[in-house]
Amino acid sequence: MEKNSRTKTVNDCNMSGIRPVLTPLPYPPVQVKCRNQDYADLLSEDYCGAVSELTAITQYINNENRLSCEHCALARIILGIAMAEMMHLQKLGELICLLGGNVDYAARQPDGKERLWTPGYLDIPEHAEKMLRADIESERAAISQYKKHISMIDDYYVNATLARIIEDEEYHIMLLQDLLKGL
């Protein structure tokens, strides 16, 4: 049956009941040893830099929107991962504030420059397989950056939160790889 311009179309992919996709481990309390602007600046990259939670959230939501009409089950999992990334963003924001930094979508560089978040950081491929591959690479880049920042931060509390976030990112890679095999 041919649809005309007056035909109503509906996306039947129901997103109610979606929960964040997290490992079943508790998060440590969000706290810091003391205020430290250098650490806050490092975390601003994780918050809103090119490789960041804000970039991941935006990329996952875009993928979920584009997949929901034809790949509902996949879109539901992608939305759950986006929700986990939102929790990471929130925890990083708390840490940045406790460290004495600002949460304003500007990643602060070691040279003192600031870079505002931009959608130019996103990788937005057209097909589900390429989306999943881009998401896996983004998760790997985030893990690498978190590990680098852990090595630069001498604060057990901050590092415990970053290490816990890494656990979720590794879990996301495993899920995304399984989804990729199922396409």
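Both L183 and I124 belong to a common hydrophobic cluster when Ile, Leu, Val, Met, Phe, Trp and Tyr are linked at side-chain heavy-atom distances under 4.5 angstrom. In the hydrophobic cluster analysis, where Ile, Leu, Val, Met, Phe, Trp and Tyr join through side-chain heavy atoms closer than 4.5 angstrom, M15 is grouped together with M87. Hydrophobic clustering of Ile, Leu, Val, Met, Phe, Trp and Tyr side chains at less than 4.5 Å, counting indirect connections, keeps Y171 apart from L25. Cluster membership for I96 and M86, using ILVMFWY side-chain heavy atoms within less than 4.5 angstrom, is shared. A chain of hydrophobic side-chain contacts below 4.5 Å, direct or via other Ile, Leu, Val, Met, Phe, Trp or Tyr residues, connects M174 to L22.
To the nearest 0.5 Å, the span separating CG on L67 from CG on L132 amounts to 7.0 Å. For the atom pair CG (L175) and CG (L180), the distance works out to 12.5 Å, reported to the nearest 0.5 Å. Separating the CG atom in L79 from the CG atom in L74 is a distance of 11.5 Å, to the nearest 0.5 Å. Put simply, CG on L95 and CD on Q90 are 9.0 Å apart, with the number rounded to the nearest 0.5 Å. Between the OG1 atom in T161 and the OH atom in Y146 there is a gap of 10.5 Å [rounded to 0.5 Å]. Put simply, NZ on K181 and CG on L176 are 12.0 Å apart, with the number rounded to the nearest 0.5 Å.
Between the side chains of S52 and T55, a donor-acceptor pair is found at a separation under 3.5 Å. H172 and E85 form a side-chain donor-acceptor contact under 3.5 Å, judged by distance and modelled atom types alone. Using modelled atom types and a 3.5 Å distance limit, the side chains of Q145 and D46 yield a donor-acceptor pair.
Side-chain contact between E53 and I165 is present, with heavy atoms from C-beta onward closer than 4.5 Å. With contacts defined as side-chain heavy-atom distances shorter than 4.5 Å, the pair E94/V32 does not qualify. The shortest distance between side-chain heavy atoms of V21 and D168 does not fall below 4.5 Å. V51 is not listed as a side-chain neighbour of E45, based on a closest heavy-atom distance of 4.5 Å or more. Looking at heavy atoms from C-beta onward, L92 lies in side-chain contact with L162 at the 4.5 angstrom threshold. When side chains are defined from C-beta on, R140 does not count as touching E169, because their heavy atoms never get closer than 4.5 Å. Between E139 and I81 there is a side-chain heavy-atom pair separated by less than 4.5 Å. Between Y47 and W117, every side-chain heavy-atom pair lies at or beyond the 4.5 Å cut-off.
A disulfide is not assigned to C13 and C69, since their SG atoms are no nearer than 2.5 Å.
A 6.0 Å sphere centred on CZ of R76 holds more than 12 heavy atoms belonging to other residues, nucleotides or ligands.
The side chain to side chain donor-acceptor pair (under 3.5 Å) contacts involving residues 62-72 comprise N11-S68, N62-R66, N63-R66, N63-D135, where partners must be two or more places apart or lie in separate chains.
Under the 3.5 Å distance criterion, the side-chain polar atoms of Q59 are matched with a main-chain donor or acceptor of D123. Panel note: side chain S138, backbone A134; a donor-acceptor pair is recorded below 3.5 Å. Proximity of a side-chain donor or acceptor of Y39 to a complementary backbone N or O of D154 within less than 3.5 Å is detected. One N or O on the side chain of S44 and one on the backbone of D41 form a donor-acceptor pair closer than 3.5 Å. N102 contributes no side-chain N or O that, together with a main-chain N or O of D104, makes up a donor-acceptor pair within less than 3.5 Å.
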Evaluation steps, side-chain contact (heavy atoms from CB on, under 4.5 Å), between M152 and L42: CA-CA 9 Å; M152 298 168 73; L42 279 175; 3.8 Å; yes
Full working for side-chain contact (heavy atoms from CB on, under 4.5 Å) between I78 and I61: CA-CA 8 Å; I78 295 296; I61 292 296; over 6 Å; no
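Across every non-hydrogen atom of T58 and L54, the tightest pair is OG1-O, 2.9 Å. Between A106 and C48, the closest heavy-atom pair is N-SG, 3.4 Å. Between V103 and C97 the shortest heavy-atom distance is CG2-SG, 3.7 Å. Closest of all the heavy-atom pairs between C72 and N14 is SG-N, 4.2 Å. Among all heavy-atom pairs drawn from R115 and Y121, the shortest one is CB-OH, 4.1 Å.
For the pair K91 and Y27, the distance from NZ or CZ to the six-membered ring centre is under 6.0 Å and the angle to the ring normal is within 45 degrees.
Under 4.0 Å is where a charged nitrogen must lie from a carboxylate oxygen, and between E137 and R133 no such pair does.
Evaluated for a side-chain contact (heavy atoms from CB on, under 4.5 Å) with K33, the options I153, D155, L99 yield exactly one hit, D155.
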